[in-house]
Amino acid sequence: MSSLSHRALVTLTVAGIAALVPSPASAHPFGDPQTVAITHDARHPDVVSVRWRVGGPDDLTVLGMSLDVIGKDRARPDGTVDYRYTDAGEVGSSAAFTRYLLDRITVTTGAAPCSGTVQPIRALALKGATVDFACPAPVETATVAVRMLTDLNPAYRTLATGPSGQRTVYEKGHDSHDWTLVGDPPGGGSALLQIGAVLGGLVALLLVVLLARRAAA
C-alpha cells in the first residue's frame, strides 16, 4: 500500500471512531435515541396525537435537573448523573415537565396552531408521554415540530414514525416535519431510497477497506 493510501485509510478510520465515541461530558445524547410516534384517529379527525419516549432513563434525570425538579447535585464530575429509579416519576408528575412538553412539541395545520393536552402520565420511562393536539378543523396534513432535549445538548436526536410507514429524524436544524395523516404520503419511496443510500455508502466503505488490505498483502 502506498503511503498516501495508508494515510487516507488511517484518516478515515480515525474520523469514524471520533464520530462514534462521545466525550464523557456529552455522553447522554449518544445513547439510545428518543422516539416519537405521530398518529391520527379517523374517529377524531381534528386531533393529532404525539407520543414521546425518552432514549435512556438517565436522560430524564438530566431533564429533571434542568427543570429544577431534581437537585443539580446529582451531576457527577465525569459528566454522568446519579440516576435513581424514582426520577421518572418525579419528572412525569411535575407541572414543569408538562409545560416543557407543550413548549418543545408543537403541531400546526397550515398557519393555525393546534392546542395540546398532555394525557395522564404513567410509567414515563417505559411508556412515554402522549400529547393530544386539537386542531381547528379535520386534519389531512400537519406540521409537527419536535425539539425535545436539544436545548440541553444539540446532539440529541429523535426517531419519528407516522402513518403509512412515514419516518424522519428530528435533530437540531431539522426540528419540523410535514406529515400526511390521511391518504398516501407523496414520494412514498423516499425512505427506502434513503436507506439504500446509507447501505450503499457502507458497502463502498467496505470495498475500500478490502481493496486496501489486498494491496497491502
Side-chain angles (χ1 to χ4, degrees), residues 29 31-57 59-60 63 67 88-89 91-152 154 156-198:
D32 294 335
Q34 309 171 83
T35 61
V36 156
I38 291 94
T39 57
H40 180 254
D41 189 340
R43 294 172 298 179
H44 305 283
D46 60 336
V47 175
V48 179
S49 295
V50 181
R51 185 184 69 169
W52 171 81
R53 292 182 63 183
V54 74
D59 288 328
L60 290 176
L63 177 59
L67 298 175
V91 173
S93 62
S94 68
F97 177 65
T98 297
R99 292 192 297 269
Y100 182 81
L101 271 179
L102 297 177
D103 176 67
R104 306 299 291 180
I105 300 178
T106 59
V107 176
T108 56
T109 55
C114 303
S115 177
T117 301
V118 180
Q119 292 185 7
I121 296 174
R122 302 180 180 88
L124 177 61
L126 296 176
K127 298 181 179 180
T130 299
V131 185
D132 291 332
F133 291 89
C135 303
V139 181
E140 294 188 356
T141 62
T143 301
V144 180
V146 178
R147 299 179 294 274
M148 295 294 290
L149 305 187
T150 54
D151 55 326
L152 307 182
Y156 277 106
R157 285 169 172 76
T158 304
L159 305 184
T161 59
S164 303
Q166 297 173 83
R167 297 178 182 275
T168 195
V169 177
Y170 287 104
E171 57 188 340
K172 193 74 172 180
H174 176 69
D175 57 15
S176 184
H177 186 75
D178 295 332
W179 298 87
T180 299
L181 304 178
V182 176
D184 295 328
S190 59
L192 291 177
L193 290 176
Q194 292 175 10
I195 293 174
V198 172

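For the numbers below, each heavy atom of this structure counts, side chains included, while hydrogens, waters and symmetry mates do not.
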R104 atom CZ, over 12 foreign heavy atoms within 6.0 Å: yes

Verdict with reasoning, E171 to Y156, per side chain to side chain contact (heavy atoms under 4.5 Å, CB included): CA-CA 7 Å; E171 57 188 340; Y156 277 106; over 6 Å; no

Which heavy-atom pair separates [X] from [Y] by the least distance, and what is that distance?
| X | Y | answer |
| --- | --- | --- |
| T143 | S176 | CG2-OG, 3.0 Å |
| W179 | G162 | CZ3-N, 3.4 Å |
| L124 | A88 | CD2-O, 3.8 Å |

Closer than 3.5 angstrom, by distance alone: can the side chain of [X] be matched with the main-chain N or O of [Y] as a donor-acceptor pair?
| X | Y | value |
| --- | --- | --- |
| R147 | D103 | yes |
| H177 | A145 | no |
| Q166 | T180 | yes |

Ring geometry between H174 and Y170 (parallel below 30°, tilted from 30 to 60°, perpendicular above 60°): parallel

All pairs passing side chain to side chain donor-acceptor pair (under 3.5 Å) where residues 118-137 contributes a residue, at least two apart: S49-D132, Q119-D132

Test log, rule side chain to side chain contact (heavy atoms under 4.5 Å, CB included), inputs I105 and F133: CA-CA 10 Å; I105 300 178; F133 291 89; 3.9 Å; yes

Check: T161 and V36 side chains under 4.5 Å, non-hydrogen atoms: no

Any side-chain heavy-atom pair of W52 and M148 under 4.5 Å: yes

Side chain to side chain contact (heavy atoms under 4.5 Å, CB included) evaluation trace for T109 with T141: CA-CA 7 Å; T109 55; T141 62; over 6 Å; no

Please tabulate, one pair per line, all N/O donor-acceptor pairs under 3.5 Å involving side-chain atoms of residues 93-101, not counting sequence neighbours.
unit_1: S93; atom_1: OG; unit_2: G89; atom_2: O; d: 2.8
unit_1: S93; atom_1: OG; unit_2: E90; atom_2: O; d: 3.3
unit_1: S94; atom_1: OG; unit_2: V91; atom_2: O; d: 2.7
unit_1: S94; atom_1: OG; unit_2: F97; atom_2: N; d: 3.2
unit_1: Y100; atom_1: OH; unit_2: L149; atom_2: N; d: 2.9
unit_1: Y100; atom_1: OH; unit_2: D151; atom_2: OD1; d: 2.7

